[in-house]
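Any value given below was found using the heavy atoms of this structure, including those in side chains, with hydrogens, waters and symmetry copies removed. Numbering starts at 1 and runs along the sequence shown.
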Amino acid sequence: MLTDAHTHILPDMDDGSESVEMSMQMLAQLHAQGAECVVATPHFYLHREKRAADYLQRRQARFDTLLKQQPPVELLLGAEVAIEQGISDVPELAQLAVSGTDLILLELPYAPYQSWMEAEIHAIAVQHGLTPVIAHIHRYLMWYTEEEFNTVLGWDAIFQINVEAFEGFRQNRIAREVFKRKLPFLFGSDCHNLSDRKPNFDLLRRKLKSEVLDQANRVFRQHRKG
Ligand SMILES: [Fe+2]
């Protein structure tokens with residue numbers, strides 16, 4: 001089952017879809033592009049949320065609204081959790097994981113590498129029993145040295161690759177590196193709207209062999225409970 005593991009498809013939740021109509025059009029496009037399962041991963045920023053419970057309630061309400069429209073794909077709830085100092089102390093963290101899995105999508109800071117990042121991610125895995133999924137792994141290149149990047153690729157994590165990585169040579173190189181090292185990976189469109197960041201799963205199917213898509217499907221399946 002081809003899964004889009006990273007989308008901003010919930011209506012009026014973050015900087016993604018602006019309405020239920022837009023969300024439904026985005027879902028229809030993803031479906032036409034071959035996605036069978038879509039994970040809604042609205043941004044979660046600890047420094048902006050006074051209470052995680054409020055975010056969870058807001059997210060559930062948007063999700064329920066969308067489900068009533070009967071999306072053409074399986075829709076799962078998740079979040080794109082920004083790695084900040086103290087994030088691993090949030091008691092509700094497991095509720096930010098992709099529903100029915102132990103996967104939690106984590107966005108690294110767009111800043112030079114710092115060792116506390118690894119400590120937070122390790123604590124999320126150990127204290128909350130979750131499997132970290134590093135969001136769009138090819139997006140942080142400009143911030144890290146080659147050595148630091150190697151450290152990140154050595155983490156006990158899954159690496160999420162945006163479809164856009166297959167448009168450019170530089171980001172493509174990182175995706176190929178993940179494949180070459182046989183690291184576990186998932187794909188995401190990271191779609192936000194119907195214009196400049198629209199669903200683009202068709203590119204994935206054009207650029208990659210079906211075996212590679214199967215590998216991502218397998219990783220997702222392995223982490224589904226029950
Ligand atoms: Fe995102």
Exercise. Are the side chains of Asp15 and His192 in touch, meaning some heavy atoms are under 4.5 Å apart?
Worked result: yes
Exercise. With a 4.5 Å limit on heavy-atom distance, are the side chains of Leu103 and Ile158 in contact?
Worked result: yes
Out of curiosity, [X] [atom1] to [Y] [atom2], how far, rounded to the nearest 0.5 Å?
X	Y	atom1	atom2	value
Gln33	Ser189	CD	OG	8.0 Å
Thr131	Ile124	OG1	CD1	11.5 Å
His31	Met24	NE2	CE	10.5 Å
Phe185	Ile161	CZ	CD1	6.0 Å

For this session: May I have the step-by-step check of side-chain contact (heavy atoms from CB on, under 4.5 Å) for Phe166 and Phe187, ending in yes or no?
Result: CA-CA 11 Å; Phe166 302 102; Phe187 294 114; 3.9 Å; yes
Listing, residues 86-100 side-chain donor-acceptor contacts under 3.5 Å, not counting sequence neighbours, or none:
| residue | atom | partner | partner atom | Å |
| --- | --- | --- | --- | --- |
| Ser88 | OG | Glu120 | OE1 | 2.7 |
| Ser99 | OG | Leu77 | N | 3.0 |
| Ser99 | OG | Leu77 | O | 3.4 |

Problem set entry | Over 12 foreign heavy atoms within 6.0 Å of NE2, His122 |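 Open.
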For this session: Taking atom CD of Glu18 as the centre, report whether more than 12 heavy atoms of other residues, nucleotides or ligands fall under 6.0 Å from it.
Result: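 Not more than 12 within 6.0 Å, no.
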Exercise. Going by the side-chain hydrogen bond (donor to acceptor under 3.5 Å, both in side chains) test, which pairs reach into residues 198-212, not counting sequence neighbours?
Worked result: none
Exercise. Out of Asp190, Asn193, Thr41, which one pairs with His8 under the side chain to side chain donor-acceptor pair (under 3.5 Å) rule?
Worked result: Asp190
Problem set entry | Criterion side-chain hydrogen bond (donor to acceptor under 3.5 Å, both in side chains) on Asp64 and Gln60, from CA distance to verdict | CA-CA 6 Å; Asp64 292 345; Gln60 189 66 48; 3.0 Å; yes
Listing, residues 132-141 side-chain donor-acceptor contacts under 3.5 Å, not counting sequence neighbours, or none:
| residue | atom | partner | partner atom | Å |
| --- | --- | --- | --- | --- |
| His136 | ND1 | Tyr140 | OH | 3.2 |
| His136 | NE2 | Glu80 | OE2 | 3.2 |
| His138 | ND1 | Gln171 | OE1 | 2.7 |
| His138 | NE2 | Asn162 | N | 2.9 |
| Arg139 | NE | Glu164 | OE2 | 2.9 |
| Arg139 | NH2 | Glu164 | OE1 | 3.4 |
| Arg139 | NH2 | Glu164 | OE2 | 3.1 |
| Tyr140 | OH | Leu108 | N | 3.2 |
| Tyr140 | OH | Ala135 | O | 2.8 |

For this session: Using a strict 4.0 Å threshold on nitrogen-to-oxygen distance, state whether Arg173 and Glu177 make a salt bridge.
Result: no
For this session: State plainly whether the residues Glu49 and Arg58 are in salt-bridge range, i.e. N to O under 4.0 Å.
Result: yes
Exercise. When you check the side-chain N and O atoms of Arg176 and Asn172, is any donor under 3.5 Å from an acceptor?
Worked result: yes
Exercise. Would you say the side-chain atoms of Tyr144 and Glu147 include a donor-acceptor pair closer than 3.5 Å?
Worked result: no
